[in-house]
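All remarks here apply to the structure that follows.
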Number of protein chains: 2
Amino acid sequence: MKLDDLKHAQRERLIFLDRCLTWRGMANRKDLIDHFGISTAQAALDFRVYLGLAHSSPPTYDPVRKTYIAASEHEALAPSGLTEAFDILAGVDEDTPSSALPRPERKADQRTIAFLHQAIRSGNAVHVRYTSMSSGADEGQWIAPTRFTSDGESVHLRAHSFKRGEYRNYLPIRIDPDSSFEEKPIDKPLPEDVDWNTRAIIWLRPKTGLSDEQAKVVRREFGFEGEWLRVETRKALEFFFDRRWGLDTVGARLERAKTDYEPI
Amino acid sequence: MKLDDLKHAQRERLIFLDRCLTWRGMANRKDLIDHFGISTAQAALDFRVYLGLAHSSPPTYDPVRKTYIAASEHEALAPSGLTEAFDILAGVDEDTPSSALPRPERKADQRTIAFLHQAIRSGNAVHVRYTSMSSGADEGQWIAPTRFTSDGESVHLRAHSFKRGEYRNYLPIRIDPDSSFEEKPIDKPLPEDVDWNTRAIIWLRPKTGLSDEQAKVVRREFGFEGEWLRVETRKALEFFFDRRWGLDTVGARLERAKTDYEPI
DNA sequence: TATGTCCATCTAGAAAATATACGAATAAAA
DNA sequence: TTTTATTCGTATATTTTCTAGATGGACATA
């Protein structure tokens, strides 16, 4: 019996339960009932199924505290990072501001995104008017969108620019929503997107100048033991890496050691 | 009939469907079947329920393209940002690197988090050994944790420090996992957490020095029309704001105009 | 014209979940 | 000490949800 053998709905519930046990160290039927709106009977069934699945380190019921307590060597069925599981830990009060810092969410026009998605699916080129931060609005151009990407802050469009003869990253928000979005088939095959199909393996180390003790904290914080932290992405996204990881800021605690490239 | 009247499982499915229609502009039964593992019959039922709910701008079936197409004035039942909905747009190939830039995920010790959560719940003080980046490891101290917070990058612990006589933000990863985590009741009531209970309203504007046209792009990108963008958070989290929004970097396109404070 | 794909719908039946009731252990309040 | 509240578990009958499998329609492509 595995987590994947279950139906989607119950699997979702057990994953939630798993996270409660992992990060809170405790869980009740009430947690399931409040979160999913199921009955007490069903919640009890879910607990039994969970206990059946978690044979390596099952939680135990503590009648004194009236909750299930995770085993001290508890192993998550579906491992999660603390950031993903934050909502498990944060009490949600309506009205008052969240206990999470608001993010700089970029807006996007639904219709524009749908047109681009459509062009990607059909493999057509599409006509757009694009405003770049440096050169201002253009008069309209044909691009061949291939996929959406994300740098964690905003969503980008990866597309071949016929004007430039290369693949570039575009910000959908800078596409004029009143562009024609006219589509046309691509006459000759596009070149390979080399940067996309190149793996960039970035090796990071604690910033030069940190004391040994500080370096140790940094290692623990980012979860690596040896000399380097290995992070893997695509060369096409590497441009965004330093900013996303804050390597270019004054208080940076990591720096690049080296970068390896290999075809995917 | 409203989205909230539905059971959790079906509501999840309809929200997914809603996002497909919103951002892809199209949806099939197959999308539901692949994502939730339901039958074709159930997927067809979900579509009918969705059509019943989306009375203001229902999608239409296009027999030629063999998909449902969102109305051009489509209104999302459950509005979402593009960043949240990114997984709807990104094709997921296993094996190859993701099309999203990896995030600098901070690690955290489950057991430590569970102890802290326990202390918050019970309202007790807890004994921990904390290593700060500046002053190094301490000899152990009592703190009174009140809640978890998040700056979007890592999760923090908000706690009253008896040593300092004030509320501070701690990084759980810097708490020694071998701390005693001994608990004791708090003898006299804690002072109010004034910074937590103060609303910080931050007014941002396009960075001075940008051209009018550039400022216009910035406004559209961050979704504000007038002079300022209003962002609301808690004073206790304000310290993280500039870094999270990249206001302290060279390429920043927003700057603070003013900040208002008011009690919550 | 044949084939494949996508849709919808029908029916019977399986599976999932509920409502309701009952009993047990514990802590705190009366 | 007794009562109340909270949490657990389980059992029953019932309702709701979902599936399996079959049927048919519209359209595109070969």
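Just so it is clear: chains get the letters A, B, ... in the order the sequence lines come, proteins before strands, and each one is counted from 1.
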With a 4.0 Å cut-off on N to O distance, would you call [X] and [Y] a salt bridge?
{"X": "Glu232(B)", "Y": "Arg199(B)", "answer": "yes"}
{"X": "Arg158(B)", "Y": "Asp193(B)", "answer": "yes"}
{"X": "Lys184(B)", "Y": "Glu182(B)", "answer": "no"}
{"X": "Glu84(B)", "Y": "Arg19(B)", "answer": "yes"}

Is it true that the side chains of [X] and [Y] contain a donor and an acceptor less than 3.5 Å apart?
{"X": "Trp196(A)", "Y": "Ser99(B)", "answer": "no"}
{"X": "Thr83(B)", "Y": "Glu105(A)", "answer": "yes"}
{"X": "His127(B)", "Y": "Ser179(B)", "answer": "no"}

Provide, to the nearest angstrom, the distance between the [atom1] atom belonging to [X] and the [atom2] atom belonging to [N].
{"X": "Leu6(A)", "N": "dA17(C)", "atom1": "CG", "atom2": "P", "result": "10 Å"}
{"X": "Gln10(B)", "N": "dT16(D)", "atom1": "CD", "atom2": "P", "result": "14 Å"}
{"X": "Leu14(B)", "N": "dC18(D)", "atom1": "CG", "atom2": "P", "result": "10 Å"}
{"X": "Glu12(B)", "N": "dT17(D)", "atom1": "CD", "atom2": "C1'", "result": "16 Å"}
{"X": "Met26(A)", "N": "dT7(D)", "atom1": "CE", "atom2": "P", "result": "12 Å"}
{"X": "Lys7(B)", "N": "dA17(C)", "atom1": "NZ", "atom2": "C1'", "result": "7 Å"}
{"X": "Asp46(A)", "N": "dA17(C)", "atom1": "CG", "atom2": "P", "result": "7 Å"}
{"X": "Arg11(B)", "N": "dT17(D)", "atom1": "CZ", "atom2": "P", "result": "13 Å"}

- Item | Ring-ring centroid check Tyr130(A) Tyr170(A), cutoff 6.0 Å | yes
Per the under-4.0 Å heavy-atom filter, residues of residues 27-45 of chain B near DNA chain C come out as Asn28(B), Arg29(B), Ala44(B)
Sorted by number, residues from residues 51-74 of chain B placing a heavy atom under 4.0 Å from DNA chain C are Tyr61(B), Lys66(B), Tyr68(B)
Tell me the salt bridge (Lys or Arg N to Asp or Glu O under 4.0 Å) pairs involving residues 43-67 of chain A, sequence neighbours left out?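 Pairs touching residues 43-67 of chain A that pass the test: Arg13(A)-Asp46(A).
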